[in-house]
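One structure below.
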Amino acid sequence: MSKRFYITTAIDYVNGSPHLGHAYEKIVADVIARARRSLGQETFFLTGLDEHGQKVQQAAVAEGKTPQSYCDDFAKIWKAFAARLELTNDDFVRTTDPRHKQVVQAILSKLHGEGHFYKAIYRGFYSTKEETFLTEKDRRPDGTFDPSYGEVTELEEMNYYFKLKDHQSWLIDYLEKNPSFVSPETRRNEVLGFLKHSELEDLCISRPLARLNWGIPLPFDPNYVTYVWFDALVNYASIPAAHADPTLIQALGPQPSISGSSLALWPADIHVIGKDILKFHSVYWPIMLKAMGLPLPKKMLVHGWWQKDGEKMSKTTGNVVDPIAVIDEWGVDSFRYYVLRELDIGPDGNWTDAGFKSRYEELANSLGNLVNRSLSMLKRYRNGVAPAPFNELSGEAEKVIAETRSLLEQNQLQAALLSIWSLVTRANQYVEQTAPFKLAKDPGQSTRLDEVLYNLTEVSRILAILLWPFLPGTATKIYAQPGLPGPPSKFSAATWGGLTAGHPIGIPSPLFPKKES
Ligand code: ME8
């Protein structure tokens with residue numbers, strides 16, 4: 001059994017509606033997953049929901065529901081959201097799944113048995129919103145806590161701690177020896193800076209039942225539930241364990257609820273996460289895995305945050321971009337194109353409605369126009385029958401194919417789109433230069449017209465394959481119009497000359513219809 005390429009996203013807090021930031025992260029992961037599959041790698045893509053914790057418990061109570069039924073209602077919305085984005089996730093984890101809970105408990109028992117935890121009293125401040133303890137160091141110069149922590153309460157309680165401190169120098173060493181563990185580089189430097197300049201505090205991994213009961217019980221002390229971040233991070237391993245991943249089964253023993261045949265997934269190849277949860281993923285998670293004796297994931301791919309019109313999106317300001325509303329109006333591929341073309345993985349992005357509209361026009365005027373006029377001319381001048389192959393744009397196409405392949409292998413999605421677009425631009429320029437509409441008027445230019453039409457149709461076919469990971473619906477339509485059996489999901493089909501002479505073409509229709517402004 002060969003190991004699959006295993007990619008995950010952060011699991012979203014269930015208590016809220018999906019917004020632009022959630023959509024962006026999931027689309028980035030989906031493009032990488034589709035690209036890997038297209039390049040011939042067996043792939044497993046996991047996304048899901050983070051459902052425990054005080055916030056969820058409080059929100060459920062406020063709505064007069066049990067936490068479970070509250071989560072079940074929201075889970076329907078989030079699953080529908082994943083489908084609407086056309087995510088190709090292979091599984092969907094909910095941290096309330098029994099298959100997840102049992103792995104969390106198996107890990108806790110193992111670490112407890114091996115002496116990684118101790119019990120101690122905590123006196124200090126707690127932010128329910130961030131589910132985190134705060135110290136004096138977290139106060140701002142005026143003595144208050146940042147409003148992003150929400151309501152902060154003072155408390156004193158007995159809890160279990162995980163000995164993180166012991167692993168600090170090992171982690172620094174690991175990050176230094178494995179430069180690709182955190183990408184982009186700026187984020188790696190951020191983690192290294194943090195680890196080198198401050199002493200790690202041991203991680204509190206429990207919450208007393210008296211304060212919070214919506215969590216996974218500690219297997220060795222029924223008076224406590226598991227800290228929500230310890231629970232949530234384990235999702236990346238619990239789902240492989242539920243699929244009988246051999247590395248996890250070896251570390252934890254067989255798990256009771258195993259579905260289907262065994263899949264080799266661990267270690268994860270990429271965890272796609274936002275910049276705000278870097279510390280949890282690049283400090284706590286590697287240390288948890290090391291303590292469990294498990295290999296570390298290969299990469300944390302850290303993306304930036306979206307703003308709207310230069311401001312933080314917030315429910316209070318009422319400026320949250322609702323991906324579903326945009327998709328309803330403009331189509332899912334226009335949304336996918338905007339977020340991927342606009343923002344590289346790393347920096348922060350800024351959504352503007354005007355920017356979105358101009359990217360839509362760009363799609364319609366460049367890609368849409370190229371495919372539509374190429375196929376329409378073939379229909380009009382050659383009854384929709386492909387002429388014999390002719391290599392005029394082949395060199396340029398092969399260059400873009402090789403470049404796109406390499407960029408996809410490096411998860412450079414924005415750069416790959418730019419490379420693909422250079423071929424779109426070149427082909428549109430070729431139409432202007434060769435003027436097939438003029439050639440069609442001159443019977444003496446019939447062979448030349450055949451040559452030009454072949455090049456345009458073949459470029460369109462190749463573009464469909466290159467664009468498949470990014471714009472799956474559009475790519476499928478481009479492929480379907482020349483009547484090719486789709487979807488165009490195999491990169492290996494992107495070789496010049498794939499379109500054969502005599503192939504009949506269907507009826508072209510606009511890919512991005514003009515919008516009333
Ligand atoms: O943090 N722009 O969940 P979450 C881009 N449950 N990305 C954004 C964003 C924005 N404006 N807002 C949020 C959690 N995100 C935990 C994760 S993983 C074991 C547990 C990203 O719903 C954010 O950075 O608050 C994170 O990667 C993801 O959305 C989920 O955020």
Side-chain angles (χ1 to χ4, degrees), residues 7-30 46-56 59 71 74-75 77-78 81-82 85 87 92-97 100 103-104 107 127-132 148-150 182 187 190 203 215-216 226-239 268 270-286 288-289 297 300-315 317 319-323 338-340 342-351:
I7 180 164
T8 68
T9 68
I11 50 172
D12 303 319
Y13 286 128
V14 74
N15 56 319
S17 304
H19 62 58
L20 167 64
H22 299 122
Y24 171 67
E25 175 175 288
K26 277 57 193 173
I27 289 172
V28 163
D30 183 60
L46 178 67
T47 187
L49 288 174
D50 192 353
E51 301 191 355
H52 289 123
Q54 202 155 348
K55 265 189 288 190
V56 174
C71 290
F74 262 114
I77 296 174
W78 284 89
F81 178 63
L85 297 176
L87 303 185
F92 190 95
V93 55
R94 296 181 55 191
T95 52
T96 51
D97 287 343
H100 168 75
V103 174
V104 172
I107 289 172
S127 150
T128 305
K129 187 159 172 264
E130 293 300 315
E131 304 280 11
T132 192
S148 65
Y149 288 119
V182 179
R187 296 294 172 204
E190 192 180 312
L203 179 68
I216 303 177
T226 314
Y227 169 44
V228 68
W229 266 101
F230 191 100
D231 161 356
L233 287 163
V234 167
N235 92 86
Y236 303 131
S238 62
I239 298 311
I270 302 182
H271 291 320
V272 180
I273 56 163
K275 63 177 184 180
D276 59 319
I277 54 175
L278 177 62
K279 183 168 148 190
F280 295 96
H281 285 78
S282 316
V283 178
Y284 301 164
W285 183 226
M288 284 163 67
L289 289 164
M300 308 291 158
L301 191 55
V302 189
H303 64 78
W305 266 38
W306 281 92
Q307 295 193 323
K308 165 90 196 298
D309 300 325
E311 281 178 36
K312 188 173 184 283
M313 288 189 289
S314 93
K315 274 192 218 155
T317 326
N319 65 345
V320 179
V321 178
D322 172 7
Y338 176 79
V339 292
L340 296 162
E342 196 72 18
L343 184 59
D344 196 9
I345 303 170
D348 288 334
N350 185 34
W351 176 289

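In each ligand, atom 1 is the first atom listed, and ligand 1 is the first ligand listed.
In this structure, Glu130 has no side chain to side chain donor-acceptor pair (under 3.5 Å) partners at least two apart in sequence or on a different chain. Contacts of Lys275 classified as side chain to side chain donor-acceptor pair (under 3.5 Å), with partners at least two apart in sequence or in another chain: Asp348. Remark: Gln54 pairs with Gln58, Tyr126, Thr128, Glu131, Arg211, Leu212 by the side chain to side chain contact (heavy atoms under 4.5 Å, CB included) rule, at least two apart or across chains.
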Check: every ligand 1 N/O to protein N/O pair under 3.5 Å:
residue, atom, partner, partner atom, Å
ligand 1, 2 (N), Trp306, N, 2.9
ligand 1, 6 (N), Ile11, O, 2.7
ligand 1, 6 (N), Asp50, OD2, 2.7
ligand 1, 11 (N), Trp306, O, 3.2
ligand 1, 22 (O), Tyr13, N, 3.0
ligand 1, 22 (O), His22, NE2, 3.2
ligand 1, 24 (O), Asp276, OD1, 2.5
ligand 1, 24 (O), Trp305, NE1, 3.1
ligand 1, 27 (O), Glu25, OE1, 2.6
ligand 1, 27 (O), Gly274, N, 2.9

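Not a single donor-acceptor pair under 3.5 Å links the side chain of Thr9 to the backbone N or O of Lys26. Listed for the Trp78 side chain is a donor-acceptor partner under 3.5 Å among the backbone atoms of Gly16.
Annotation for Lys129: atom NZ counts as buried by contact number, over 12 foreign heavy atoms lying within 6.0 Å.
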